[in-house]
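Chain identifiers are assigned alphabetically (A, B, ...) following the order of the sequence lines, protein sequences preceding nucleic acid strands; residue numbering begins at 1 within each chain. Below, all heavy atoms of this structure are taken into account, side chains as well, without hydrogens, waters or symmetry copies.
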Amino acid sequence: MNPTTHAFKVGLRRGWRATVLSMKSPQDQVFYVVMAVGVLVYMFWNRNADMGDSGLTFPQYALPSMLAGLIVFSLVMGPAYELTLEREDGTLLRAKTLPRGMLSYTVGQVVYNSLGLVPMLVIILIPSFIMFDGVAPAEASGWLRIGGFILLGLIALLPLGIILGAVVPNAQKVGTWGMMPVVILSITSGALFPIQQLWGWVQGIAQVFPVYWLGLGLRSGFLPEEAAAWELHGSWLTTLSVGVLLGWAALGLVVAPRVLSRMAKRQSGSAMQEAKEQAGQWIK
Amino acid sequence: MAKDEPQPVIAVRDLRMRYGTKDVLDGVTFDVHAGEVVVLLGPNGAGKTTTIEILEGFRNRSAGDVEVLGVDPQVASEEWRARIGLVLQSWRDHARWTPRMLLHHLGEYYEPYSTELRPRPRDVEKLIVEVGLTEQANQKIRTLSGGQRRRLDVAVGIVGYPELVFFDEPTAGLDPHARREFHDMVHRLADYENTTIVLTTHDLDEAEKLADRILILAGGRIVADGSADALAREVAKDSQVTWTAGGQRHVHATADSTEFVRQLFADGGKDVTDLEVRRASLEDTYMEMVRKYETAPHRGDIDDAALVDAGKELS
């Protein structure tokens with residue numbers, strides 16, 4: 001038995017186990033439901049919003065765009081919170097005391113955070129398809145595009161979440177360093193309303209980051225071909241979207257293992273104790 | 001070292017650790033042999049945690065030589081990691097898991113490192129019974145009491161059938177019954193499985209019960225190294241003799257209790273009852289050692305000679 005392969009398999013099982021436990025947890029169930037209700041209410045409230053000459057209804061635009069924002073949010077904030085909290089509660093130290101434990105831990109995190117997208121998609125998509133007309137992809141090829149872009153989103157964003165979790169000093173700081181930038185970036189990238197409504201310089205900045213391109217890619221899957229004409233560049237720019245996301249993935253995959261192992265190296269009983277005491281001290 | 005003498009499990013030579021300008025460890029030297037139970041005592045800030053974390057491979061030393069299971073922990077491999085068990089304080093991980101689930105999962109990590117002598121991992125169901133978690137095995141870990149949580153931590157620490165286990169204050173928060181069970185388990189690990197155990201505690205009674213050897217660390221140095229008995233003899237050489245004669249209680253401190261009692265019987269004869277001879281306890285020893293260190297004129301300068309003097313003064 002190759003010990004590295006074994007550790008990898010243990011990590012897969014770990015991720016699956018954590019996913020099952022999360023599905024059974026009332027805390028997580030409530031989180032998914034509240035999120036889905038928020039999305040549906042937002043779309044319903046604005047269902048007659050003016051969409052200019054796009055020929056689209058607001059829910060048609062908003063469903064793929066908000067999904068992009070939520071996917072980014074889950075994949076960045078999820079691992080960032082997990083990593084900081086599990087540094088404080090000793091899960092990471094535990095992993096470090098096990099043979100090849102950090103490998104299994106990382107694989108487990110990737111699996112857990114990836115599978116976490118499934119219930120989110122299901123709980124948002126099914127009621128949306130029932131409530132709103134024309135929001136579901138008309139053709140099977142649309143679903144292929146959607147699946148492909150979600151996978152690209154995974155490899156582009158999960159490493160960023162891991163990097164964030166590894167570098168922030170504690171869970172409280174995830175809010176400041178992670179939540180704020182991600183929310184602002186999502187809004188300025190067209191997650192809640194079309195990016196065309198924003199100033200040119202904001203559009204320029206947004207296009208450096210993965211959120212806009214993931215949104216564009218998902219719209220290319222959900223919406224009919226002719227909707228492309230109304231986009232910022234008048235086209236789906238599929239090659240460019242894939243390229244930008246792959247670029248972020250490459251960057252993340254180079255940096256993430258390094259910061260992760262640097263962080264793991266610092267873990268010890270006394271470091272955990274310190275983190276725990278810091279966590280109890282909100283006012284400094 | 002003689003050729004037939006087995007290699008020590010832990011060998012530490014002149015270990016030094018410096019943070020900025022502060023020497024936390026200032027030339028620590030000791031060995032631990034296979035199957036030995038060694039208890040590390042010392043006041044807070046004496047360098048116990050630092051020493052243990054260096055041995056665990058979690059901290060890099062400033063100077064000195066350290067070998068654990070024949071390897072320098074600073075560059076040790078994952079195979080080395082598989083041979084070591086760890087029980088630290090204040091773990092709160094895996095709150096949603098159950099003890100049974102977690103032990104099965106953590107046991108899996110050790111599968112590739114199984115040997116004939118040490119089949120890894122341990123049988124989880126047996127382990128659950130051994131640590132007394134049968135009733136809580138399927139309960140969420142979050143709902144365990146402090147004592148149950150400690151037992152789970154101990155089970156996790158030994159699920160990989162380690163050759164060497166580090167325990168950091170393992171019985172803090174355990175009730176007397178659970179504490180006794182833990183002591184029995186440590187004896188089993190050491191006596192039947194030849195597991196080497198290094199343990200820190202503030203409970204001197206526990207140290208006396210468990211330790212084959214006690215190391216007292218103060219001011220970044222080992223100020224005492226020996227069995228509880230040997231330490232007591234070395235520092236507090238007087239024993240206390242108490243007896244009743246003629247309806248009156250007498251107390252006398254003496255360096256040679258045997259001779260004193262012999263005389264007592266010769267003089268007082270049958271009148272002497274309720275005789276009790278008490279040697280200085282480990283607590284007396286510990287207090288004396290730490291006090292000597294703390295009142296030493298140059299804290300950093302205390303050395304073996306000063307301690308020998310401390311012993312002489314007392315006798």
Side-chain angles (χ1 to χ4, degrees), chain A residues 1-29 82 85-105 107-108 112 264-277 279-280, chain B residues 24 47-50 52-60 74 76-98 101-102 104-114 120-121 140-142 149 152-153 156-157 159-160 162 165-169 200:
Chain A
M1 185 167 20
N2 178 326
T4 307
T5 319
H6 179 79
F8 195 85
K9 283 185 194 156
V10 170
L12 293 180
R13 284 197 285 272
R14 179 183 175 81
W16 173 248
R17 177 60 52 75
T19 307
V20 172
L21 289 171
S22 159
M23 295 297 94
K24 287 184 184 168
S25 143
Q27 194 186 353
D28 291 10
Q29 289 166 356
E82 287 276 318
L85 289 173
E86 297 197 337
R87 207 153 62 208
E88 284 159 19
D89 75 15
T91 311
L92 257 158
L93 182 58
R94 184 85 83 196
K96 221 182 129 179
T97 68
L98 298 162
R100 294 186 167 77
M102 276 310 292
L103 173 61
S104 303
Y105 177 82
V107 172
Y112 172 64
K265 210 168 267 172
R266 293 208 198 120
Q267 295 308 299
S268 67
S270 49
M272 177 177 75
Q273 192 69 32
E274 210 169 290
K276 192 182 148 189
E277 278 156 21
Chain B
V24 175
K48 281 184 311 225
T49 308
T50 305
I52 297 261
E53 288 187 352
I54 288 170
L55 298 178
E56 291 164 347
F58 287 171
R59 203 174 271 272
N60 291 345
Q74 223 159 294
S77 65
E78 300 289 327
E79 280 68 23
W80 176 84
R81 182 63 64 204
R83 298 165 64 194
I84 292 175
L86 244 88
V87 181
L88 302 185
Q89 295 180 58
S90 73
W91 255 324
R92 297 170 301 158
D93 58 318
H94 294 92
R96 283 177 180 172
W97 298 52
T98 69
M101 218 185 250
L102 183 64
H104 277 290
H105 171 68
L106 297 180
E108 283 186 341
Y109 289 74
Y110 293 94
E111 278 168 11
Y113 313 95
S114 185
R120 294 181 169 117
K140 282 215 166 67
I141 290 175
R142 170 163 47 82
R149 172 85 233 199
L152 174 64
D153 288 337
V156 168
V159 69
V165 189
F166 294 100
F167 288 103
D168 191 7
E169 298 190 25
T200 69

Using heavy-atom distances under 4.5 Å, tell me whether B/Tyr113 contacts chain A through its side chain, its backbone, both, or neither. side chain
For a salt bridge (Lys or Arg N to Asp or Glu O under 4.0 Å) check, start with the C-alpha distance between A/Arg100 and B/Glu79, then their side-chain angles and the critical distance, and finish with the verdict. CA-CA 9 Å; A/Arg100 294 186 167 77; B/Glu79 280 68 23; 3.2 Å; yes
Please report the interatomic distance CD(B/Glu53) to CD(A/Gln267), rounded to the nearest 0.5 Å. 10.5 Å
B/Glu111 vs A/Val10 side-chain heavy atoms within contact, under 4.5 Å: no
Of the listed A/Asp89, A/Leu92, A/Thr91, the one with the largest count of heavy-atom pairs under 4.5 Å with chain B is A/Asp89
Distance, nearest 0.5 Å, that separates CG of B/Leu86 from CG of A/Leu98: 9.5 Å
Between B/Leu106 and chain A, which part of the residue has a heavy atom less than 4.5 Å away: side chain, backbone, both or neither? both
Side chains of B/Glu78 and A/Pro3: does their closest heavy-atom pair fall under 4.5 Å? no
Heavy-atom distances under 4.5 Å only: say whether B/Arg59 touches chain A with side chain, backbone, both or neither. side chain
Contact class of A/Glu88 relative to chain B, heavy atoms under 4.5 angstrom: both
Okay, B/Trp80 and chain A: the region with an atom under 4.5 Å from a heavy atom over there is neither
Could you tell me if the side chain of B/Arg83 sits less than 4.5 Å from the side chain of A/Pro99, heavy atoms only? no
Separation between CG of A/Leu93 and CD of B/Glu56, rounded to the nearest 0.5 Å: 8.0 Å
Once rounded to the nearest 0.5 Å, what's the spacing between atom CE of B/Met101 and atom CG of A/Leu21? 5.0 Å
Between A/Arg266, A/Arg94, A/Lys96, which shows the greatest number of heavy-atom pairs under 4.5 Å with chain B? A/Arg94
Which salt bridge (Lys or Arg N to Asp or Glu O under 4.0 Å) pairs, counting each pair once, include a residue from residues 7-24 of chain A, with sequence neighbours left out? A/Arg13-B/Glu108
Which portion of A/Thr97 sits near chain B, non-hydrogen atoms under 4.5 angstrom: both
